[in-house]
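Just so you know, ligand 1 is whichever comes first in the structure, and atom 1 is the first atom listed for that ligand.
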Amino acid sequence: MCGIIGAISKADVLPILLDGLKRLEYRGYDSSGLAIIQEKGSLSRLRAPGKLIELERTIDASEGIHGRTGIAHTRWATHGPPTENNAHPHVSGERIALVCNGIVENHEELRNWLVDEGMDFHSETDTEVIVNLIRLHMDRGSDFMSAVRESIGALKGAYALGIVNADEPGRIIGARRGSPLIVGVGKDETYLASDISALIAHTRDFIVLENGDIVDIDQNRVTITDLDGRPQDRDMRTSTLSPRSTELGNHRHYMEKEIHEQGQAASDTLEGRITARRVLEACFGTEAKRIFDKTRAIQILACGTSYHAGLVARYWLEDLGIPCQVEIASEFLSRKHAVPRDCLVVALSQSGETIDTLSSVAYAKECGYAHSLAICNAPDSSLVRDSELVLMTHAGPEIGVASTKAFVTQLVALRLFAIVMGRRAGLDMAEESKLVRELRELPARIESALELESAIQAIAEQFANKQHALFLGRGIHYPIALEGALKLKEISYVHAEAYPAGELKHGPLALVDSEMPVVSVAPNDMQLGKLKGNIEEVRARGGKLIVFADSDTRLSSRENLQVINVASVESSIAPIIFTIPLQLLAYHVALIKGTDIDKPRNLAKSVTVE
Ligand code: G6P
């Protein structure tokens, strides 16, 4: 979602802002803009709908925009379409410019009041009320900082802000409530950003702002206070991200790169967490043993792809005797709960900043859920900071909006979790040792599955003119079918639906004809016999089946049935392996369709508003 970057330097900040915006592109956006305090003390702003290239064209066509203090923004439209007028920064009185990530819930009320007070509005956004509020307070005698405090005191909702005042070059004020915001500390340069990846070409040292923080920065100084002006002490952190870790290398897209990094990512996520025979429980934190010992049930909360990882984990946990519920975070938020005793909440999130997931964990606490564990890929995220127990996935930065390696590493982490919980339900040493051995083989098995790419590329051609597709799976592979369908719809815009194969006759079979591709995953498990029956039901109606089948299933291609053999793997890791061909299929269909694979329309990597 929206990305913020701000910089104060002794040199021109334009290149810093543009580089930061490029690095924030992955979050998802549909317009962009920047405002710089020019040398002569005037504020210049340029904005453009569409991709960053449009903003660059606007800059090239302008008289030039340079200065030592500036803020910039990628906007993911919520209030008002992605037009130039709605793009940030928003400006009031030609002096104050502001960028925002978030949603001001009481914007209508504030706007009406501001209009009555004589303020003009030029956009349909909720953000413009904030900049006008600040100006109103300044017009009435408040200094810059006091005006910011008075204004944000009136806001309801979640936001991260960056604000400049043309009369005070060399100063940026930022504020955070809900949406992420960090301060980067460089040599004679200070920055504000949504995340450290935006600044990685300039610094690795940063401070994560907490909810309620207001930050005042200049070239060499960072002052953090709360709404009442009380100083707040925040630690300096050093990012381990290298500028190269977000480079594309020889790949056409980040998604392609990230699909191919999955063997390594799985290996990195296992590293240090398993011995030859055991999962090391300490990797969940020092309190893990105490909390796990008294846990009797699990409630998983997540959104999007992470939710699908949670669905897979339910099969793993319940198979080992641990009761488990999985719910989409926004739905969990929408109802009351009969809280089971000693239930551990497990929040899954690649970014650790998904607002619904964060809110659902807070709500679970309110409802009386006992403890929380975060499985997350972003070490400095809000989720990690707010959870009692944490298990980091080591996928490395994921840039493609459609999640791939983050999903696979979530499954790896959940496998570790299922094993340590399984011990408490009777999993013995011999069984654990077998499961750990199977996990150790996972990276190599992933590499083998990636070798299916050329076969899948050929199959993808069949989707060139398709608008719809069905995905079928049974048991633990139903969530994998869901994930395959999600990948396809996200990046190729083919309408793809996944069904548990047993539900075929209860509706989706009506959609099957010779135009409908039906994709199925067929591992060699207890469900295979029934799945074969479902495959025949589709064939009998002329449906075109594409089946990714364990080579031991002895399924073979015939009329209306194409079988792609996936090397046989143990059932404990099969869902992870069957994910790979479905990711590759989505990628190659999108490639043929010519969509914007890494930044699909209307989607955002990190959904920081409800
Ligand atoms: C967005 C992304 C998805 C992601 C979901 C949950 O919709 O586009 O790829 O699965 O958010 O994100 P999280 O960071 O919480 O895993």
Considering heavy atoms of the protein only, find what lies nearest to atom 12 (O) of ligand 1 and give residue, atom and distance to 0.1 Å.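 Result: T354 OG1, 3.3 Å.
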
To which protein heavy atom is atom 8 (O) of ligand 1 closest, and what is the distance rounded to 0.1 Å?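 Result for atom 8 (O) of ligand 1: A604 O, 2.8 Å.
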
For V401 and ligand 1, answer yes if some heavy atom of the residue is under 4.0 Å from a ligand atom, otherwise no.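 Yes; V401 lies near enough to ligand 1 that a heavy-atom distance drops under 4.0 Å.
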
Quick one: does C303 get a heavy atom under 4.0 Å from ligand 1?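 For ligand 1, residue contact (heavy atoms, under 4.0 Å) with C303 is present.
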
Where the side chain of N377 meets the backbone of A395, is there a donor-acceptor pair that is under 3.5 Å apart?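 Checking the backbone N and O of A395 against the side chain of N377, a donor-acceptor pair under 3.5 Å is found.
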
Out of all atoms in ligand 1, which are within 4.0 Å of some heavy atom of [X]? Include the element for each.
{"X": "V607", "value": "1 (C), 7 (O)"}
{"X": "S349", "value": "13 (P), 14 (O), 15 (O), 16 (O)"}
{"X": "K605", "value": "1 (C), 2 (C), 11 (O)"}
{"X": "T305", "value": "10 (O)"}
{"X": "S306", "value": "10 (O), 13 (P), 16 (O)"}
{"X": "S403", "value": "9 (O)"}

Any nitrogen or oxygen of L348, main chain or side chain, under 3.5 Å from a nitrogen or oxygen of ligand 1?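 N/O-N/O distance under 3.5 Å: no.
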
Give the intermediate values and the outcome of side-chain contact (heavy atoms from CB on, under 4.5 Å) for residues H107 and H79. CA-CA 10 Å; H107 70 103; H79 296 67; 3.4 Å; yes

Centroid-centroid distance, Y26 to Y254, less than 6.0 Å: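 Centroid separation for Y26 and Y254: 6.0 Å or greater.
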
State plainly whether the residues [X] and [Y] are in salt-bridge range, i.e. N to O under 4.0 Å.
{"X": "R415", "Y": "E438", "value": "no"}
{"X": "E490", "Y": "K487", "value": "yes"}
{"X": "E388", "Y": "K365", "value": "no"}
{"X": "E398", "Y": "K605", "value": "yes"}

Cut-off 3.5 Å, side chains only: do T608 and N101 have a donor facing an acceptor?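 Side chains of T608 and N101: pair found under 3.5 Å.
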
